[in-house]
Amino acid sequence: MPFGVRLHVWGERACFTRPEMKVERVSYDVMTPSAARGILEAIHWKPAIRWVVDRIHVLRPIRFQSLRRNEVGAKIGAVTAERAMRAGTTAGLGLLVEEHRQQRAATLLVDVAYVIEAHFTLTPRAGAEDTPAKHASMFNRRAAAGQCFHRPCLGTREFAADFALIPEGAPQPESALPPDQRDRDLGWMLHDIDHAAGGISHFFRARLSDGVLDVQRCLAEGTTA
Amino acid sequence: MSVLQALDGYYGRMAARGEAEELGFTRENISFALAINKNGSVRDITDLREVSGRRLVPRRMSVPRPKRTSNVQANFLWDKTAYAFGVDGGKSKRLSEEHESFKKFHREMLSGVDDQRVEAFLAFLDRWTPKTFEQAPFTADMIDVSFVFRLEDEHLYLHQVPALRARWIESLQEQDASRVMCLVTGRMGDLETGHPIVKGVEDAQTAGAYLVSFNATAYTSYNKPLDGSNAPVSKEAAARYGAALNALLEKSSRNRLPRPIGDATTVFWADASEATAQAAEDWFALMFNPPAAETEATGLEKDAQQAARLGDALRQVAAGRPIGDLDPRLSEGVRFHVLGLSPNAARLSVRFWLTDSFDAFAQRLARHYDHLRIEPAPWRLLPPSVNRLLVRTTAPQEKFENIPPLLAGELTRAILAGTPYPRTLLAAALIRLRAGDDPSTGWHAAAIRAVLARNDDRKEPPPVSLDRENPHPAYQLGRMFAMAEIAQRMALGKVNATIRDRYFGAASATPAGVFPLLLRGMQHHLSRLRKDGKGGFIEREMDQIATQLPPELPRSLRLEEQGRFVIGYYHQRKARVGDKPVDEIADQESPKEGDAE
């Protein structure tokens, strides 16, 4: 399709957290479309475009690892911050870690690599000078140069992602997935969160066939497992 | 495949067996039933407890689901004495509040229900004062246990009356619950705000813990409230997975390992027709958790039978044939799940979650036992389960609660997923040996050999049984250390601190510094033995070992090489010279207590 892009992403660790195991994190087996969208948006995004993920290729064996980390159980709310801004003082704004210590376990993916195939569509906020060609070339230029607004991450911010653009016509990187991991039924996977409609989560029936998660095809197939 | 979806599948099996609870009801421990007369006075009390061993344990009954966590909320038509009667054993500050809430809750729920039982119950609530608990038929052991109620001589308890059950289920429908897409079923459903509590995980809160929970603001995202909308699960799906998980975790369940691995309570189940699934689960329980050998004679035949069955199964699987050939019930492919849950205060974390075909698990277990093999085997007949292996090699004082929990989880995952073992197992075993564990039992040697055999693809795996020609200097140094210890034992008999106690760690880590010292001492022992005409075999073995060593002893040994040292030591200690084991010769020929000099 016109102006599709391919991005090779890899990292040491990844945690695409399952929504139901958010506290004691358990990762999905494979990158979620929303995480892929997040990586693309970190490289290039304007209100004029909306990224749509087509396919995710899994290149490395799916391996898990457990860790326990000390975290905190409280957040400093936006209201508290606002109040401090208006009052002009930071009194009462701090969070003492010792009072809110929580230990949380996480089951993460180790040594991951994916190729994300995606395209973008123009949104109603696209102006007269926004053309698909312009944004495609901006993305390609930025991805090739390694530019990003903020470092893309594999699920959570602490797992930074390395990325490389796969230019048109270049061969796909080799997949090292063992044969018994190439086809699996991933169950109901998070497709994305509809922020415009108030943060509703959408799920789709995901399937890995020959090491490829074909998002559009799974969406089209619906619930026929 | 997520945990919740697989549990949902198991609920289907439970429902087909007829064991499924109706949604809105859970199994709880009930001890007594109070019978009330029509006018609300107390008639008598029936003891519902069952005999288990020498104790009386409460009976598990299906009752309306409790909805309280840490707040004051009465249960419907059953509760503990603090709520039901206003009497408890401790000094609860909110006792009267709890009892009042019980009365108020029932007056509200049962208003408008026209039934003589309801009238009697409401009259009972009106007439009851906590003082009545001090007289007969109430006794002291009835405090702080749960009661159910019934009218006079009826068999049906109040919570089993159809009209009241319907009233309860009706009350569970929330009027204004939000509709969300459920992530377990994929269909729209009412959002579940309070996920089911899971009981049965070892060392979790006694009140139960949550698998899915959002109990602090830091756990929510996108400014969602603490009601679970970050993880949209429909009420039916939540009730189903809760029932399934609680059933799997019951103490007597066949789907649960009797002892947690590290801190992870482990459950396993299969997705198939009932007969096939039960066969698969039985096989898994045998293959993954072989029972420890009995010491009494009566257990021996059972052991031999189990060992034969397990041995057959492992050989079959190792040869690449499906286990269906051995057991006709397993002919079709069976999807198998293993879940390890470890407690973290009021939450449960998933220590490991593995889903695969049963054949794949069987093959990986066979491969694991193959890597664990060492001759002579430290264990009788059956290879050890993960728990037994870990407690003998990594736990201080060999106590199950001292097994490092993260290592236990990673090792289980490595075994069942067929991936390399965690290197921390090697390090933990060596640390225990330095701390004073006995390396001649062979458990540490077996664990170390397993790690080296599976993880180091480039090098040759350490030998299974004594290999006198092994080219690794670390292995030969281990053998030499064993002979030095034997020489000391034969010459001096029992001493307070043998060279093993003093020098094992240093010899395995920095041989160049320690071995000259040991060999000097050994010469004295050997000369003593020569005068008595004993110990010729020691010198012959030492000559043979010396031919295998490099001209300069290594200054330090890496962790993997220290592992080979331990394996060499064990092999040599259990070696046979002539046809007697070296240990036996040493024992027979060492000077006993009280011998003349």
Side-chain angles (χ1 to χ4, degrees), chain A residues 17-29 61-68 71-80 95 100-107 110-111 156 178 180-181 184-191 193-195 198-206 222-225, chain B residues 1-6 178-187 195 210-224 228-233 238 241 264 335 340-342 344-345 347-357 360 405-406 409-410 413-414 417-420 422:
Chain A
T17 326
R18 287 181 178 276
E20 67 270 20
M21 315 276 185
K22 243 178 96 35
V23 184
E24 309 285 338
R25 294 182 192 273
V26 176
S27 171
Y28 277 113
D29 293 2
I62 298 171
R63 280 171 50 198
F64 286 92
Q65 185 189 55
S66 258
L67 354 132
R68 284 215 154 180
E71 302 183 17
V72 287
K75 276 200 289 215
I76 301 177
V79 172
T80 321
L95 184 67
H100 302 281
R101 180 72 75 200
Q102 289 281 330
Q103 195 179 68
R104 286 165 74 175
T107 304
V110 179
D111 192 21
T156 47
D180 57 344
Q181 284 190 351
R184 40 162 87 171
D185 175 20
L186 300 167
W188 289 96
M189 184 187 252
L190 179 72
H191 177 240
I193 299 185
D194 191 354
H195 292 287
I200 313 270
S201 309
H202 288 281
F203 299 91
F204 74 114
R205 192 78 202 215
T223 58
T224 52
Chain B
M1 246 299 175
S2 82
V3 178
L4 301 189
Q5 285 167 30
S178 33
R179 302 279 297 174
V180 288
M181 184 182 188
C182 172
L183 57 81
V184 179
T185 57
R187 293 191 290 273
H195 278 255
Y210 294 94
L211 186 56
V212 183
S213 73
F214 297 90
N215 54 351
T217 48
Y219 307 146
T220 58
S221 298
Y222 306 119
N223 283 327
K224 299 269 182 182
S229 31
N230 273 130
V233 180
Y241 93 71
R335 186 162 205 76
L341 291 170
S342 70
N344 183 3
R347 297 190 299 269
L348 296 177
S349 71
V350 173
R351 187 59 94 187
F352 49 83
W353 163 242
L354 295 127
T355 303
D356 216 320
S357 72
L406 215 56
E410 291 299 304
R413 190 186 289 130
T419 51

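Residue numbering restarts at 1 for every chain, and letters A, B, ... go by the order of the sequence lines.
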Contact class of [X] relative to chain B, heavy atoms under 4.5 angstrom:
X        : result
A:Arg25  : neither
A:Val26  : side chain
A:Ser66  : both
A:His100 : neither
A:Glu71  : neither
A:Leu190 : neither
A:Tyr28  : neither

Interface moiety of [X] toward chain A, non-hydrogen atoms closer than 4.5 Å:
X        : answer
B:Arg351 : both
B:Val212 : both
B:Leu406 : side chain

Exercise. List in chain and number order the residues that pass side chain to side chain contact (heavy atoms under 4.5 Å, CB included) with B:Asn230, two or more places apart in sequence or in another chain; answer none if no residue qualifies.
Key: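 Side chain to side chain contact (heavy atoms under 4.5 Å, CB included) list for B:Asn230, sorted by chain: A:Lys22, B:Phe214, B:Thr220, B:Ser221, B:Tyr222, B:Lys224.
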Quiz item: Is the CZ atom of B:Arg187 crowded by more than 12 outside heavy atoms at less than 6.0 Å?
Solution: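 No, CZ of B:Arg187 has 12 or fewer neighbouring heavy atoms, counting only those of other groups under 6.0 Å.
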